[in-house]
Enquirer: 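Below are the structure tokens for one structure; questions will follow.
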Amino acid sequence: MAGFEQDDLVGLSLAKAHRPDPPSDLTRAVMARVAEIETGFSPWRRWRRRQHAKQMSMGERRVFAPRRLMWGLAGVSAAAVLILVILGNPTVGRGTEGTIGVATYAVSDPAVQQFLQSETFLKLKNDPAARGALQTILANPALAEALANPALASALNDPALRKALANPSLRANVASALRTP
Amino acid sequence: MLEQNEDAAWVARCLEGDSSAFEPLVTRYQRVVFTLALRLLGNYEDAKDATQNAFIRAYEKLDTYNPAHRFFSWLYRIGVNESLNLRRARKEHEPLAPTLQSEDRTGDAVEARELSERVQAALMGLSKEYREVVVMRHFGELSYEEIGEALDIPEKTVKSRLFSARQRLGQLLAADGGDYGWIRTG
């Protein structure tokens with residue numbers, strides 16, 4: 001039981017109240033409809049569902065963990081902009097492999113897929129310094145949450161702001177702030 | 001925990017395209033979702049529709065399920081929404097049933113059924129907000145945290161709302177007379 005007070009007679013009345021059986025044909029009706037739905041899924045939807053299943057079977061609980069780590073395109077691109085600000089334009093590493101902390105975001109939007117295939121992401125992914133910086137950001141839940149705010153992402157993507165942030169002194173300050181626990 | 005892992009395994013199979021893996025989930029949770037719907041709606045046929053819709057909607061949206069949480073909590077939330085949607089749609093056409101209109105006429109003692117009718121009548125006398133938390137806590141056996149998550153309100157609000165709801169429910173049961181008259185002074 002839910003742990004409510006048994007000596008409370010209101011609670012007792014609720015506990016004693018009859019819990020009726022569900023309709024006997026409910027399962028059959030649901031399963032018939034579910035089978036129809038499954039056949040009606042588009043290839044894209046099937047792919048997306050299979051990806052979700054893979055993530056589940058791989059035990060990547062981090063993907064789904066705290067809401068603040070749920071990264072949409074806004075958060076990812078905002079973080080990318082920040083890293084570009086910190087590191088300048090990272091060069092593509094030769095022979096570097098591995099995944100980036102960004103693997104912890106949820107691929108729920110086609111736009112995110114597009115971002116993943118972009119050159120910016122490729123550079124970030126293959127640059128150890130970029131990975132380090134992004135992991136620093138991911139380790140800071142408050143910052144991660146802030147970056148997931150579409151308004152902030154939009155502001156960070158503004159060319160004028162990016163130009164301002166290109167200032168080496170400001171970049172150093174931002175980098176320092178990000179590394180502060 | 002074992003139950004949660006089993007649920008996640010079935011969900012994963014469904015997502016891989018094996019729709020038959022959904023059946024154990026329906027079997028496991030149909031009673032509690034149906035009870036939720038019946039208590040929220042007060043009508044057997046509506047509760048049946050809401051339960052059916054909840055499972056179908058859950059299947060469609062399985063790729064949004066977060067396995068860090070209990071499948072049951074997630075499903076329950078869908079069940080609440082489906083019930084409320086149905087109730088909203090019906091509200092314009094007909095009044096809510098004041099008592100439980102159940103087709104389940106087998107087996108149970110008359111006393112339990114009468115008590116059930118009284119409880120249902122009292123529940124239907126509560127506001128929507130109060131009824132939700134009472135039903136989720138006492139019929140769905142959800143934790144405060146899970147209720148908060150399902151209704152998107154803080155746990156603290158769940159506790160205070162539940163406290164007030166139970167007080168109000170006590171008053172309604174007392175007003176109904178019978179063995180509950182003492183609750184007024186108790």
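A note on names: the letters A, B, ... follow the listed sequences, proteins ahead of strands, and every chain is numbered from 1. Just the heavy atoms: all of them, side chains too, but no hydrogens, waters or symmetry mates, feed the values below.
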Enquirer: Suppose we screen for side-chain contact (heavy atoms from CB on, under 4.5 Å). Which residues come up paired with B:Arg168, at least two apart in sequence or across chains?
Expert: B:Leu126, B:Tyr130, B:Gln171, B:Leu172

Enquirer: Quick check on A:Arg50 against chain B: is it the side chain, the backbone, both or neither that has a heavy atom closer than 4.5 Å?
Expert: both

Enquirer: Are more than 12 heavy atoms, taken from residues, nucleotides or ligands other than B:Arg70, located less than 6.0 Å from that residue's CZ atom?
Expert: yes

Enquirer: Are A:Arg49 and B:Tyr59 in a cation-pi setup, meaning NZ or CZ lies under 6.0 angstrom from the ring centre and within 45 degrees of the ring axis?
Expert: yes

Enquirer: Please rank B:Val134, B:Val32, B:Leu62 by heavy-atom pairs under 4.5 Å with chain A and give me the top one.
Expert: B:Leu62

Enquirer: If we only count heavy atoms from C-beta on, is the B:Asp63 to A:Gln51 side-chain gap below 4.5 Å?
Expert: no

Enquirer: Heavy-atom pairs under 4.5 Å with chain A: which of B:Val33, B:Leu123, B:Leu169 has the most?
Expert: B:Leu169

Enquirer: Would you indicate whether A:Phe41, at its atom CZ, is surrounded by more than 12 heavy atoms from other residues, nucleotides or ligands within a distance under 6.0 Å?
Expert: yes

Enquirer: Would you name the heavy atoms of A:Ala53 and B:Ala12 that are closest together and state the gap between them?
Expert: CB-O, 3.5 Å

Enquirer: Rounded to the nearest 0.5 Å, what separates atom CG in A:Asp21 from atom CD in B:Gln30?
Expert: 9.0 Å

Enquirer: Quick one: pull up OG in B:Ser19 and CD in A:Glu36 and give me the separation to the nearest 0.5 Å.
Expert: 10.5 Å

Enquirer: Could you pull out the closest heavy-atom pair between A:Pro22 and B:Phe34, with the gap in Å?
Expert: CA-CD2, 3.6 Å

Enquirer: Heavy-atom distance under 4.5 Å between the side chains of B:Phe22 and A:Glu38, does that happen here?
Expert: no

Enquirer: OG1/B:Thr64 to CZ/A:Arg48 distance, rounded to the nearest 0.5 angstrom?
Expert: 8.5 Å

Enquirer: Just to verify, what does B:Phe55 make a ring pair (Phe, Tyr, Trp, His ring centres under 6.0 Å) with, not counting sequence neighbours?
Expert: none

Enquirer: Looking at every heavy atom in both B:Pro67 and A:Met56, which two are closest together, and how far apart are they?
Expert: CG-CG, 3.9 Å

Enquirer: Could you measure the distance from the CD atom of B:Glu60 to the CD1 atom of A:Ile37? Nearest 0.5 Å is fine.
Expert: 4.0 Å

Enquirer: Please report the interatomic distance NE2(A:His52) to SG(B:Cys14), rounded to the nearest 0.5 Å.
Expert: 11.5 Å

Enquirer: Is it true that, when you exclude B:Glu155 itself, more than 12 heavy atoms of the residues, nucleotides or ligands shown sit nearer than 6.0 Å to its CD?
Expert: yes

Enquirer: Work out which heavy atom in B:Lys48 is nearest to a heavy atom in A:Pro23; give both atom names and the distance.
Expert: CG-CG, 3.6 Å

